[in-house]
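The chains referred to below are lettered A, B, ... by the order of the sequence lines, with proteins before strands, and numbering in each begins at 1. Everything numeric in this text was worked out from a predicted model, so none of it was measured.
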Protein chains: 2
Amino acid sequence: MSIRLTKMAENREKLIAAARRAFAEQGYAAASMDTLTAEAGLTRGALYHNFGDKRGLLAAVVDQIDSEMADYAKSVGAKAENAWLGLLAEGAAYIEKALDPEVQRIVLLDGPSVLGDPSQWPSQNKCLQSTRSTIEKLIENGIVKPVDAEAAAMLLNGAALNAALWLASSANPQAMLPKTLEAFNLLASGFLVKG
Amino acid sequence: MSIRLTKMAENREKLIAAARRAFAEQGYAAASMDTLTAEAGLTRGALYHNFGDKRGLLAAVVDQIDSEMADYAKSVGAKAENAWLGLLAEGAAYIEKALDPEVQRIVLLDGPSVLGDPSQWPSQNKCLQSTRSTIEKLIENGIVKPVDAEAAAMLLNGAALNAALWLASSANPQAMLPKTLEAFNLLASGFLVKG
DNA sequence: TCAAGTGACATACATTGCGTATGTGAAAGG
DNA sequence: CCTTTCACATACGCAATGTATGTCACTTGA
């Protein structure tokens, strides 16, 4: 049974990996389950058995990508000198990661349409709560003004993700990145007690 | 010919109106063109003649809703005492308008997935440029710090739209609205020369 | 050890829906 | 008055999803 379990887990991973490619390259709607599963060496039967339906597969893919992003952002934030710089670094990490076309297409464009409001996703919610607790700590320490921490976390996250979308479709993303990060930091400084 | 033109325009409006309802209630993907056009007293023939394809119809619907939002936000902003308060009022107007389920589903969720990055849409671009020029004026007057006006406008818009999505799926949107607006204003004040 | 059951997937089928190709009736134009 | 065009309807083909059914390996209990 343990053997079958790991084999099943392998097939799940193969399907998710194939889906990441297909969804990223063709978009969720245009991706065919037949060709997608064939590339993984399986058929649609495996898909519906493991994920229920096409939506379930997208949910699994989004969760994986989103978790990778959250982990990366958190690790970057932890390296900062203090909590405030950590918050800014997390935002910057999100913007940079979201420049990846795969993230754009799957997490930022198709995800919300198919799965609904991102702030309700398990992965995003985890990230939001992390940011929220950081902000609460900053408020307690008198660094950030007393503000609704949850709303503040959501605003920062939303601005960062939107910035990435905007950046990616700009003429020269790499050139605009510094200016965008500067504007983002300025925006965030609105929460500071002293500018 | 003028008679036919107005009649055609009427049919366009009927199709767009039916599409607004269908897309809002069932979502873009689940909405059937057959039933949608039947509700407008027409067939799919009229649709493909007027809008090219399903995407074209969504583009027309999005443009209409988005223009209504931009007009409203601009009119609200114009009533403010000064340019800075006008900017804040525009953001608040956007958040409030985006609480409408129709706007949520069509403009914020399905729109980006089917039509791509919103900042590239004609309607959104118009609104962004409006915000941008307001920010540029505020920079010239020494009220706002020297920052990339386009990036700043995009960040404010993105934060506002995301806030609306988050608000709508919260337990008690009306109760959270004031706190969210307060946090939004605080965030925006990061651009001010003196807080 | 063997028969029955279960689980993971494959195969076959039915339904739905988009896009296009073709048809039609009415208005415009010469 | 005839013809051409235009706005829309009708008919068709294709593709894709979800489900129902089949199959085979593996486990389980007596």
Let's go through Ile135(B) and Ile139(B) carefully: what are the C-alpha distance in whole Å and the side-chain angles of both, what is the deciding distance for side-chain contact (heavy atoms from CB on, under 4.5 Å) to 0.1 Å, and is it a yes or a no?
CA-CA 6 Å; Ile135(B) 292 179; Ile139(B) 294 176; 4.0 Å; yes
Calculate, to the nearest 0.5 Å, the distance between atoms CG and CZ belonging to Leu87(A) and Phe191(A) respectively.
9.0 Å
So, is Asn50(B) close to the dA7(D) phosphate, meaning a side-chain N or O under 4.0 Å from OP1 or OP2?
no
Under 4.0 angstrom between His49(A) side-chain N/O and dA8(C) OP1 or OP2
yes
Of the options dG18(D), dC9(C), dC8(D), whose atoms approach the side-chain atoms of Asp53(A) most closely?
dG18(D)
For atom CZ of Phe51(B) and atom C1' of dA7(D), their distance in whole Å:
13 Å
Can a salt bridge be assigned to the pair Glu136(B) and Arg132(B) using a cut-off of 4.0 Å between side-chain N and carboxylate O?
yes
Taking the minimum atom-to-atom distance to the side chain of Ser32(A), which one of dA16(D), dG19(C), dC9(C) wins?
dA16(D)
dT16(C) C1' sits how many Å from Leu36(B) CG, rounded?
16 Å
Just compare dA12(C), dG19(C), dA9(D) and give me whichever is closest to any side-chain atom of Arg44(A).
dA12(C)
Any base atoms under 4.0 Å from Ala38(A), or only sugar-phosphate, or nothing? Heavy atoms, all strands.
nothing
Side chain of Tyr48(A) (C-beta onward), nearest among dT20(C), dG18(D), dC8(D):
dG18(D)
Go nucleotide by nucleotide along DNA chain D from the 5' end; which of Gly52(A) and Arg12(B) gets its closest nucleotide reached first?
Arg12(B)
In whole angstroms, the gap separating C1' of dT19(D) from CE of Met33(A) amounts to 13 Å
Rounded distance in Å - CG (Leu47(A)) to P (dA16(D))
14 Å
Look at all strands and tell whether Leu42(B) reaches a base, only sugar-phosphate, or nothing, counting heavy atoms closer than 4.0 Å.
sugar-phosphate
Spacing of Tyr28(A) atom OH relative to dT17(D) atom P, expressed in whole Å:
8 Å
Rounded to the nearest 0.5 Å, what separates atom CG in Asn125(A) from atom CD in Gln120(A)?
6.5 Å
When you check the phosphate oxygens OP1 and OP2 of dA8(C), does a side-chain N or O of Asn11(A) lie under 4.0 Å from one of them?
no
How many angstroms lie between CG in Leu36(B) and NZ in Lys54(B), if you round to the nearest 0.5 Å?
8.5 Å
Over how many whole Å does the gap from Asp34(A) atom CG to dA15(D) atom C1' extend?
10 Å
